[in-house]
Protein chains: 2
Amino acid sequence: MSGSRPFANALELLRGASLRPTRQRLALARLLFDKGDRHVTAEQLHGEAVAAAVPVSLATVYNTLHQFIGAGLLREVVVNPGRSYFDTNVSDHHHFFIEESGKLVDIPGDHIAVANVPAPPAGTAIRRVDVIIRVEREPV
Amino acid sequence: MSGSRPFANALELLRGASLRPTRQRLALARLLFDKGDRHVTAEQLHGEAVAAAVPVSLATVYNTLHQFIGAGLLREVVVNPGRSYFDTNVSDHHHFFIEESGKLVDIPGDHIAVANVPAPPAGTAIRRVDVIIRVEREPV
DNA sequence: CGGCTAGTTTAGAGCCATTCTAATCTATTG
DNA sequence: CAATAGATTAGAATGGCTCTAAACTAGCCG
Ligand SMILES: [Mn+2]
Ligand SMILES: [Mn+2]
Ligand SMILES: [Zn+2]
Ligand SMILES: [Zn+2]
């Protein structure tokens, strides 16, 4: 019986995603999922891995991030041209984006309501609704 | 008395923005604002200018787009990492994004309601709310 | 255990949107 | 028209990301 913590460890998580538990993937999974919800860039994660003495190339970081997205373990958040964020929270939620610091803050999906969404263009179906609330440092 | 059409021509529009009416800026302003609401990339606009026999460099297209944004004539829409859209509709509205074709479709601001927005993080104020509804070609 | 092989990692090159640089050009003013 | 601040430009540079092709390794089999 799998309790409320879906993956006790990185090994299980990788097995569930049919990904070989290599040294690099195990380390990246731990960095991503052992500290609660995170929003990281590829470069940040690579920096953390290097700092943790896990030798891993940036190419592997990108490969792994995309494999995790494919497995539904991560999602990509686009707020800025030219750089992606990878979000370990895959539940229904939205974001505050603090432009000055480049930080994302989760807004639980049930704390926000998008109403009166019109029908999508003919021949298309809604895949996902993203709400980005851009905030700035409050003027004094 | 300025009627419902705020800018009869590109010249007026540039004067209002305190931008010298150069050949390039006049041509770009006409391409952008003479055909109703548009969502264009820099490269698209550059292509249109070249096709219209207006010699203009891509650097100038970017310079001009950013100046128009600064003047409140345009806004930038970010839906994809690695490429920006420039939106001639600066009124309050949101977007459908059709990933396959890369097309944006406006949703008037009063046709959609974002309710129960929580207070922004301490020390910050909301600057803008972006709703992106990602749609895909409907499965048969 | 020792190979075998498909899958993985990697350094480095390549790609592409965008920005920068510094030289040339031009709109504006007097 | 001359002077000059502002604009344009070609081409180089930047930066995030992807690709390539060679080296490695996890998992399997004998
Ligand atoms: Mn991606
Ligand atoms: Mn920009
Ligand atoms: Zn999130
Ligand atoms: Zn729009």
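Chain letters run A, B, ... following the sequence lines, proteins first, then strands; residues in each count from 1. Any value given below was found using the heavy atoms of this structure, including those in side chains, with hydrogens, waters and symmetry copies removed. Please read all numbers here as calculations on a predicted model, not as lab measurements.
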Item to check | Whole angstrom value for the distance that separates C1' of dA27(C) from CG of Leu11(B) | outcome: 12 Å
Checklist entry - What is the distance, rounded to the nearest whole Å, between atom NE2 of His46(A) and atom P of dC17(D)? => result 13 Å
Next on the checklist: With a 4.0 Å cutoff (strictly under), does any side-chain N or O of Thr22(A) reach OP1 or OP2 of dT9(C)?
Outcome noted: yes
Item to check | Gln67(B) side chain vs Leu19(B) backbone, donor-acceptor pair below 3.5 Å | outcome: no
Checklist entry - Starting at CD of Gln67(A) and ending at C1' of dG7(C), how long is that distance when rounded to a whole Å? => result 10 Å
Next on the checklist: Can you tell me how the ring of His93(A) sits relative to the ring of His39(A), calling it parallel under 30°, perpendicular over 60° and tilted otherwise?
Outcome noted: tilted
Checklist entry - Leu58(B) has an atom CG; how far is it from atom P of dT14(D), in whole Å? => result 18 Å
Item to check | dT19(C) phosphate, OP1 or OP2, under 4.0 Å from His66(B) side-chain N/O | outcome: yes
Next on the checklist: For Tyr62(B) and Arg20(B), find the nucleotide of DNA chain C closest to each by heavy atoms; which residue's nucleotide sits nearer the 5' end?
Outcome noted: Tyr62(B)
Item to check | Modelled atom types, side-chain donor and acceptor of His94(A) and Asp130(A), under 3.5 Å | outcome: no
Item to check | Leu45(A) CG - dG16(D) C1' separation (whole Å) | outcome: 15 Å
Checklist entry - Between Arg83(B) and Gln24(B), which has a closest nucleotide on DNA chain C that is more 5'? => result Arg83(B)
Checklist entry - Should the pair Phe86(B) and His66(B) be assigned to parallel (<30°), tilted (30 to 60°) or perpendicular (>60°) ring geometry? => result perpendicular
